[in-house]
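Numbered from 1 within each chain, the chains take letters A, B, ... in sequence-line order.
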Amino acid sequence: MLTVKYITENREDVITRLAKKHVDAATLVDNIIATDEKRRSAKVQADQLQNEMNTLSKAIGQMYKEGRKEEADAAKSRTVELKEDIKNLTTAFAEYDAAVNALVVQLPNLPHDSVPFGRTPEENVVVRSGGEIPQLPDNKQPHWDLIKQHDIVDFELGTKLTGAGFPVYKGKGARLQRALINFFLDEGVKSGYFEVQPPILVNEDSGFGTGQLPDKEGQMYHATADNFYLIPTAEVPVTNIYRDVVLEESELPIRNIAYTPCFRREAGSWGAHVRGLNRLHQFDKVEIVQIAHPDKSYEILETMVAHVEGLVNKLGLPYRILRLCGGDMSFTSALTYDFEVYSAAQERWLEVSSVSNFESFQANRLKCRFREKESKKTVLAHTLNGSALALPRIVAALLENNQNADGSIKIPEILVPYTGFDTI
RNA sequence: GGAGAGAUGGCAGAGUGGUCGAUCGCGGCGGUCUUGAAAACCGUUGUACUGUGAGGUACCGGGGGUUCGAAUCCCUCUCUCUCCGCCA
């Protein structure tokens with residue numbers, strides 16, 4: 001969330017920039033400023049009275065010590081009214097405080113200046129593309145048919161065990177999964193990321209910290225007996241490592257990489273275009289997360305994009321990088337690049353990564369700060385993350401793009417040391 | 001799962017109703033000394049909110065209560081440790 005201080009001091013800026021996300025924030029912003037004003041006023045009054053109370057209490061203590069009991073008892077009677085007033089003001093303060101909070105969390109993050117205008121995914125801007133779209137045999141098959149032919153992913157079996165969207169990977173399918181995970185992790189570690197293996201169940205505080213709660217709880221599976229949530233992305237546990245943390249400036253940037261399974265309920269979004277591996281309830285993903293100095297975060301965003309680009313290049317997949325327009329960006333993001341690979345039998349672009357700079361929007365929720373070396377002041381850090389990469393659609397594209405006329409599939413050379421086979 | 005103990009500032013560890021935001025030590029920072037470093041000595045050292053400012057307020061795991069006054073008493077929740085049981 002944005003800081004109230006920033007909103008108050010930059011009212012116009014907030015409103016004009018949010019217009020790019022097609023949000024008319026004027027009413028909300030003014031409401032925040034007005035409520036915050038009341039909040040502060042209640043705080044000041046309460047503090048003053050509390051100060052009187054503290055002074056009086058000390059005096060009473062002194063009187064007792066000196067044996068002036070009657071005087072002390074007289075003073076006590078004066079505290080009754082004070083106490084009542086303080087209670088009322090404190091309650092008012094708490095109410096205003098909660099109100100301000102409830103309002104502020106409704107404001108999306110401000111889009112960066114470079115974010116294109118636009119409302120729909122069609123208005124995203126292709127910043128660059130690479131790789132070559134392969135010429136497939138006339139009898140080309142979509143991946144769900146290839147999968148069936150080789151019996152490497154079993155959707156029906158997954159449905160038996162759990163339900164739709166929880167496939168069972170079998171044989172070379174399972175090994176391909178494992179190969180990709182290891183490949184992505186190794187590449188990340190080679191680029192200087194620090195590997196972590198977080199829990200895949202998180203508590204409410206963590207869900208709130210990265211913004212999945214309270215609004216998007218329908219997105220996550222909920223283990224109600226313990227009030228834990230299954231993570232929709234490793235972003236949640238990995239970023240929350242830095243919740244309520246004050247880092248040293250010299251520790252920045254923090255660069256973490258993690259593999260986790262991810263769980264998404266995707267309620268209501270089932271339907272066309274979700275066949276096969278295109279959309280699942282459980283899938284594997286390697287995620288990169290950075291905590292950065294505000295002056296460096298955009299530079300770092302580009303290095304993350306470059307890292308992801310390196311991965312799709314090494315896998316030989318045709319790809320394009322999109323800069324998301326204001327209307328297609330997430331609530332929390334200031335600038336997002338999406339990576340799409342071309343799945344040549346479906347003849348569709350599939351999103352396989354989303355790399356974002358959240359600036360201090362998440363950090364403010366998380367209270368993730370660093371101590372500025374010069375001033376020794378604590379400053380909100382910038383958080384960034386990106387998929388590097390999400391597996392199922394990569395697998396879909398690999399299978400489709402590398403198929404031969406007989407339905408056999410060539411494994412990209414770089415993966416062979418990981419899979420132990422070069423053909424499916 | 002059973003029994004017990006505990007949660008205090010970066011760490012270690014005092015403090016059981018009244019100038020306690022909190023003793024002392026270590027660590028950190030600044031300084032003296034030194035060619036430099038170490039040692040020694042002196043000083044300093046939490047966070048947040050609020051006020052133009054001096055300052056004020058809050059925070060001793062979380063929440064609630066008793067009291068003129070709570071780190072200290074009561075209730076409750078969470079977590080940690082030790083022993084036993086079970087277990088990949």
Side-chain angles (χ1 to χ4, degrees), chain A residues 1-9 32-105 197-209 213 223-229 237 240-252 254 261 360 363-381:
Chain A
M1 57 187 178
L2 300 173
T3 63
V4 175
K5 188 174 158 68
Y6 187 86
I7 296 166
T8 308
E9 290 172 0
I32 289 168
I33 295 173
T35 312
D36 180 57
E37 186 61 44
K38 290 187 208 160
R39 185 188 73 93
R40 293 212 314 274
S41 146
K43 163 87 172 147
V44 170
Q45 290 179 60
D47 280 2
Q48 273 169 2
L49 294 188
Q50 186 59 250
N51 179 231
E52 265 182 60
M53 187 69 154
N54 289 350
T55 312
L56 191 53
S57 289
K58 274 178 195 167
I60 291 171
Q62 195 60 30
M63 290 173 200
Y64 276 123
K65 211 178 245 175
E66 292 167 9
R68 297 181 286 162
K69 189 163 181 313
E70 281 166 32
E71 215 175 316
D73 287 341
K76 264 200 216 177
S77 64
R78 273 185 273 145
T79 64
V80 177
E81 194 185 342
L82 260 180
K83 222 178 174 179
E84 185 65 23
D85 290 346
I86 289 170
K87 197 179 171 191
N88 290 336
L89 282 167
T90 307
T91 308
F93 170 77
E95 280 167 8
Y96 287 130
D97 195 48
V100 170
N101 241 299
L103 293 171
V104 171
V105 296
Q197 212 177 89
I200 57 178
L201 286 162
V202 294
N203 59 28
E204 242 175 359
D205 286 347
S206 295
F208 181 81
L213 296 175
T224 51
D226 297 286
N227 200 23
F228 293 151
Y229 292 87
N240 270 284
I241 291 172
Y242 304 96
R243 168 155 51 84
D244 292 319
V245 167
V246 180
L247 297 155
E248 291 303 322
E249 185 171 345
S250 58
E251 292 178 84
L252 301 177
I254 300 230
S360 59
N364 188 34
R365 273 192 170 212
L366 291 161
K367 301 225 180 326
C368 170
R369 295 156 295 169
F370 69 94
R371 190 175 305 282
E372 220 170 44
K373 212 174 168 200
E374 290 298 312
S375 67
K376 311 226 164 155
K377 289 236 190 310
T378 54
V379 180
L380 289 173

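The separation of B:U76 from B:U66, taken at their C1' atoms, amounts to 15 Å, rounded to a whole angstrom. Between B:G10 and B:U44, the distance separating the two C1' atoms is 16 Å to the nearest Å. B:C26 and B:U80 have their C1' atoms separated by 23 Å, with the value rounded to a whole Å. The separation of B:A71 from B:G18, taken at their C1' atoms, amounts to 13 Å, rounded to a whole angstrom. Using C1' as the reference atom, B:G43 and B:A48 are 27 Å apart when rounded to the nearest Å. B:C60 and B:U23 have their C1' atoms separated by 14 Å, given to the nearest Å. For the P atom pair drawn from B:G15 and B:G9, the interatomic distance equals 16 Å after rounding to whole Å. Taking atom C1' in both B:G13 and B:G25, the straight-line distance is 8 Å, to the nearest Å.
Here the side chain of A:Asp244 pairs no donor or acceptor atom with the backbone of A:Lys367 at under 3.5 angstrom. Put simply, the side chain of A:Ser206 never gets that close to the backbone of A:Val202: no donor and acceptor are under 3.5 Å apart. The main-chain N or O of A:Glu248 is found under 3.5 Å from a side-chain atom of A:Glu251 such that the two form a donor-acceptor pair. The closest donor-acceptor contact from the side chain of A:Thr3 to the backbone of A:Tyr6 lies under 3.5 Å. Of the possible polar contacts, one joining the A:Thr91 side chain to the A:Lys87 backbone as a donor-acceptor pair under 3.5 Å is found.
Scanning all heavy atoms of the two residues, the minimum distance from A:Thr35 to A:Ala99 falls at CG2-CB, 3.9 Å.
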**OP:** Sugar-phosphate atoms are those with a prime plus P, OP1 and OP2; base atoms are the rest. Using that split, label each nucleotide of nucleotides 47-73 of chain B B, S or - for protein heavy atoms under 4.0 Å, 5' to 3'.
**Re:** SSBSS----BBS---------BS----

Subject >> Dot-bracket summary - RNA chain B, pairs being Watson-Crick or G-U whose distances fall under 3.5 Å, with | when paired to another strand >> reply: ((((((((.[[...)..(......]]((((((.......))))))(((((....))))).[[[[[..)....]]]]])))))))....

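The pair A:Glu81-A:Arg78 does not count as a salt bridge, with every side-chain nitrogen at least 4.0 angstrom from each carboxylate oxygen. A salt bridge links A:Asp97 with A:Arg39; the closest basic N to acidic carboxylate O contact falls under 4.0 Å.
Of the residues listed (A:Asn240, A:Asp205, A:Leu380), the one engaging A:Leu366 in a side-chain contact (heavy atoms from CB on, under 4.5 Å) is A:Asn240, and it is the only one.
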